[in-house]
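The next block holds one structure in the form of structure tokens; read it before the comments.
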There are 2 protein chains.
Amino acid sequence: MGHGLILTINWRQLNVYGGFAVKQDSLKSILAGKGLRLTRARQDIITAAQAMKGHFDPQNLYDSLKEKGSKASRASVYRSIPVLLEAGIISEAERTDRCTHYEKVTENRHHDHLTCLRCGTTIEFYSPTLEMLQDEICQRENFKGIRHNLDILGYCRECVDK
Amino acid sequence: MGHGLILTINWRQLNVYGGFAVKQDSLKSILAGKGLRLTRARQDIITAAQAMKGHFDPQNLYDSLKEKGSKASRASVYRSIPVLLEAGIISEAERTDRCTHYEKVTENRHHDHLTCLRCGTTIEFYSPTLEMLQDEICQRENFKGIRHNLDILGYCRECVDK
DNA sequence: TCATTAGTTGAGACAATATCTCATTAAAGG
DNA sequence: CCTTTAATGAGATATTGTCTCAACTAATGA
């Protein structure tokens, strides 16, 4: 499971995550393969998303764009999110009552989250067994799993006694 | 994991889920123990929640109340949801981009969901192994798990080829 | 280079969802 | 009853997400 799409793998190879630039031409051709264009707004959004630290929601991303002086609109941010998801640039981190949070895809592999109900801290974890188990469940139910969200809510070490 | 709280267990014992009435006195005393009152609005909301079939969101619940002629306001519905959750009367079913969906807690044990990205169908499943695995993960991370949400997104049997 | 085509955009309207305010009501316990 | 205080309803407000549409621009081919 995890990120799954072939496109994801290409993106991962194309992007150098230490702060280096993305190879524009290759990026462009991948988008082209999907009938998409690498426009200014899309570039700005991709750059901003890759510069985000930790979890962020669409509004955070928009704010960050404004800070950098980009003209990209809120609508474009929302419109780009499915693209960024499918391209493997970002992934869903957690869904709150308010909105969905995302995080950039880095060299880290897929992971799930423990979220503290008191202080809001999130602890990332990855369990291969859990991933396999989910694949099994999907098979059993004749379901083609694409991705998943597992959020375990509770209390972290610091908050458990309070 | 699953529902976890002591209060939940009490509720489960108090409520007869086949359509019988909730024992008002016990219910009241439990609320009292938390400094809460069993008001008319709260009663209506609890009754309505228990009468809901399948998944529902706050608006569905409010609509249902109006159908039954209750005066309870939308604000009260939103205000009651955390209470109903903690009391184990409802549980979170899934979070969409728009809002959170809930379902009443019945004699069915806790389960997770497979959600089809195309037609929106949800398939419920329960895996004891998966539950145990999560407990292990929590232990490993020194985290006190209270509840969790696992939503596997993908394509169901009918939609996988389309 | 220029013209055509079609995907994309920004702005703001709009819709949907959630929270807040506050005067009023009504439980609970004397 | 009376007091105290949680809870309420109504509507204002804030937040979040989608939609429309004229203008723009990337891609393509002449």
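Proteins get letters first, then strands, A, B, ... in listed order; numbering begins at 1 in each.
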Residue set satisfying salt bridge (charged side-chain N to carboxylate O under 4.0 Å, His left out) with R40(A), at least two apart, ordered chain then number -> D44(A)
Go along nucleotides 9-21 of chain D 5' to 3' and tag each nucleotide: B for a protein heavy atom under 4.0 Å from its base, S when only backbone or sugar atoms are that close, - otherwise. BB----SSBBBB-
Donor-acceptor check, side chain of S80(B) to backbone of V83(B), threshold 3.5 angstrom: yes or no? no
Quick one: side-chain hydrogen bond (donor to acceptor under 3.5 Å, both in side chains) partners of S64(A), sequence neighbours excluded? none
Atom CG of D44(B) and atom C1' of dA26(C): how far apart are they, to the nearest Å? 15 Å
Do side-chain atoms of K66(B) reach the backbone of A72(B) as a donor and acceptor pair under 3.5 angstrom? yes
Taking every non-hydrogen atom, the tightest pair across K104(B) and F56(B): N-CE2, 3.9 Å
Pairwise side-chain contact, L150(A) with N149(B), heavy-atom cut-off 4.5 Å (strictly under): no
Checking E103(B) now: which residues fulfil salt bridge (charged side-chain N to carboxylate O under 4.0 Å, His left out) with it, not counting sequence neighbours? none
Atom pairs under 3.5 Å: protein N/O with N/O of nucleotides 22-30 of chain D:
from: dA26(D); atom 1: N3; to: R37(A); atom 2: NH1; distance (Å): 3.3

Taking CD1 from I81(A) and C1' from dT9(C), how many angstroms apart are they, rounded to a whole number? 16 Å
Considering only residues two or more places apart or on different chains, which pairs with a residue in residues 59-102 of chain A satisfy ring-ring contact (aromatic ring centres under 6.0 Å, His included)? none
